[in-house]
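Structure record follows, encoded as structure tokens.
FYI, side chains are in, hydrogens and waters are out, and symmetry mates aren't considered; it's all heavy atoms of this structure. Position 1 is the first residue of the sequence, and the numbers go up from there. Note that the structure is a prediction, hence the values are computed from the model and not measured.
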Amino acid sequence: MAEEADDGTGGPCSADGTDTTGGDRPAAAPEQPTALRRDRDEAGRARSARPRDGLGRPLPYGSPGVARQPEGVSRTPAQSLAEAQRLLDDGMPFHAHEVLEDAWKAAPEAERELWRGLAQLAVGLTHAARGNTVGGKALLDRGASALAPYAEAAPHGIDIAGLLTWSRELTGRLAGSGAVPAAETAPRLRTADA
């Protein structure tokens, strides 16, 4: 007798998925239509090919969107900060987060929390600009906590003190407000002399 398993519908099926109840229902779920399958890259990793707006919100397939930041780009810290600042200034903190995330992943161990904190601040601004005050506050707080240990060193000319002040002020503004304008609210990542 074939070994029985649950086919996901509550009925038994054999180990190979064949229905053992004698019924004519399929033992396995039908394959998803192409439009519902997850987008994958060449290596099989999940990647969303849906277009996104300037705040990273998914748009319907076929809609014009903002070009995504390529992943895994190797940049110097100065290049990462310049590109992230450009994106922040253009009102695209979600995209700035992607640049800062690449820097985080490539950073030496001693700087990982620095770059992670910067990425979290960008995501916090993204949430705040989308009107998600709870998410915005949470990410701004996490980002500030990650940056605080670097305040005295200020690596790469990053204005840690200014970013901590900016984060506290934005968190306070989110108390009862809706969405904030991303470009007008964006912080300066580096000191004026860096």
Side-chain angles (χ1 to χ4, degrees), residues 38-43 45-107 111-147 150 155-160 162-167 169-171 173-174 177-191 194:
R38 288 199 72 181
D39 300 319
R40 304 261 176 204
D41 67 10
E42 313 78 46
R45 291 183 301 265
R47 296 283 188 256
S48 178
R50 284 180 69 178
R52 294 186 176 263
D53 70 6
L55 293 175
R57 293 175 290 218
L59 299 170
Y61 285 99
S63 299
V66 173
R68 304 273 311 259
Q69 290 299 305
E71 290 186 43
V73 174
S74 179
R75 298 177 180 93
T76 66
Q79 290 169 329
S80 294
L81 292 165
E83 181 63 7
Q85 189 67 63
R86 182 188 70 76
L87 292 163
L88 288 167
D89 292 345
D90 288 346
M92 297 189 295
F94 175 82
H95 301 279
H97 138 266
E98 291 179 329
V99 169
L100 295 165
E101 188 174 87
D102 276 344
W104 164 23
K105 291 176 181 177
E111 290 187 2
R112 286 227 167 132
E113 286 299 298
L114 169 75
W115 294 101
R116 184 173 74 108
L118 292 171
Q120 288 173 326
L121 291 183
V123 174
L125 177 55
T126 300
H127 284 297
R130 291 177 177 176
N132 176 0
T133 58
V134 173
K137 288 178 186 181
L139 269 295
L140 290 168
D141 288 345
R142 276 190 237 154
S145 292
L147 291 180
Y150 298 92
H156 310 292
I158 298 171
D159 185 5
I160 304 291
L163 289 168
L164 295 175
T165 299
W166 170 84
S167 178
E169 289 173 357
L170 181 54
T171 298
R173 283 179 48 200
L174 294 178
S177 68
V180 300
E184 292 85 11
T185 310
R188 304 299 322 150
L189 297 175
R190 300 176 88 188
T191 59

Are Leu125 and Val180 packed together at the side-chain level, in the sense that at least one heavy-atom pair is separated by less than 4.5 angstrom? yes
For Glu113, the salt bridge (Lys or Arg N to Asp or Glu O under 4.0 Å) test, sequence neighbours excluded, returns Arg116
Looking only at heavy atoms, the pair that brings Trp166 and Thr185 closest together is NE1-O, 2.7 Å
Note: Lys105-Glu101 ion pair, threshold 4.0 Å (strictly below)
yes
The side-chain hydrogen bond (donor to acceptor under 3.5 Å, both in side chains) partners of Ser145 (sequence neighbours excluded) come to none
Heavy-atom closest pair (Leu59 atom, Pro64 atom, distance to 0.1 Å) is CD1-O, 3.4 Å
All heavy atoms of Ala122 vs all of Leu100, minimum pair found to be CB-CD1, 4.2 Å
Taking the side chain as every heavy atom from C-beta outward, state whether His156 and Leu81 have any atom pair closer than 4.5 Å.
yes
Those residues at least two apart in sequence (or on a different chain) that pass salt bridge (Lys or Arg N to Asp or Glu O under 4.0 Å) with Asp141 are none
Do the non-hydrogen side-chain atoms of Leu174 and Val134 ever get within less than 4.5 Å of each other?
no
Closest non-hydrogen contact found for Pro60 with Arg50 is N-NH2, 4.0 Å
Quick note, salt bridge (charged side-chain N to carboxylate O under 4.0 Å, His left out) partners involving residues 178-190, not counting sequence neighbours, are Asp89-Arg188
Across all chains, not counting sequence neighbours, the side-chain contact (heavy atoms from CB on, under 4.5 Å) partners of Glu98 are Arg68, Gln69, Phe94, His95
One should read off an interatomic distance between Leu164 CG and Glu169 CD, to the nearest 0.5 angstrom, of 11.0 Å
Note, Leu189 side chain near Asp159 side chain (heavy atom, < 4.5 Å) | no
Rounded to the nearest 0.5 angstrom, the OG-CD distance for Ser167 and Gln120 is 10.5 Å
Quick note, salt bridge (charged side-chain N to carboxylate O under 4.0 Å, His left out) partners involving residues 120-131, not counting sequence neighbours, are none
Residues at least two apart in sequence or cross-chain that pass side-chain hydrogen bond (donor to acceptor under 3.5 Å, both in side chains) with Thr191, listed by chain then number, are Asp193
**Asked** Does Met92 reach the side chain of Leu55, with side-chain heavy atoms less than 4.5 Å apart?
**Response** no
Residues pairing under side-chain hydrogen bond (donor to acceptor under 3.5 Å, both in side chains) where one sits in residues 72-81, two or more places apart or in two chains, turn out to be Thr76-Gln79
What one should report as the nearest heavy-atom pair of Ala96 and Ala84 is CB-O, 3.6 Å
Contacts of Arg86 meeting salt bridge (Lys or Arg N to Asp or Glu O under 4.0 Å) (sequence neighbours excluded), chain-then-number -> Glu83, Asp90
Could you tell me if the side chain of Pro187 sits less than 4.5 Å from the side chain of Leu121, heavy atoms only? no
His127 meets the ring pair (Phe, Tyr, Trp, His ring centres under 6.0 Å) criterion, sequence neighbours left out, with none
Expected output: side-chain Asp53 to main-chain Arg57 donor-acceptor under 3.5 Å: yes
Those residues at least two apart in sequence (or on a different chain) that pass side-chain contact (heavy atoms from CB on, under 4.5 Å) with Ala107 are Glu111, Arg112, Trp115
Rounding to 0.5 Å, atoms CG (Leu114) and CD1 (Ile158) come to a distance of 4.0 Å
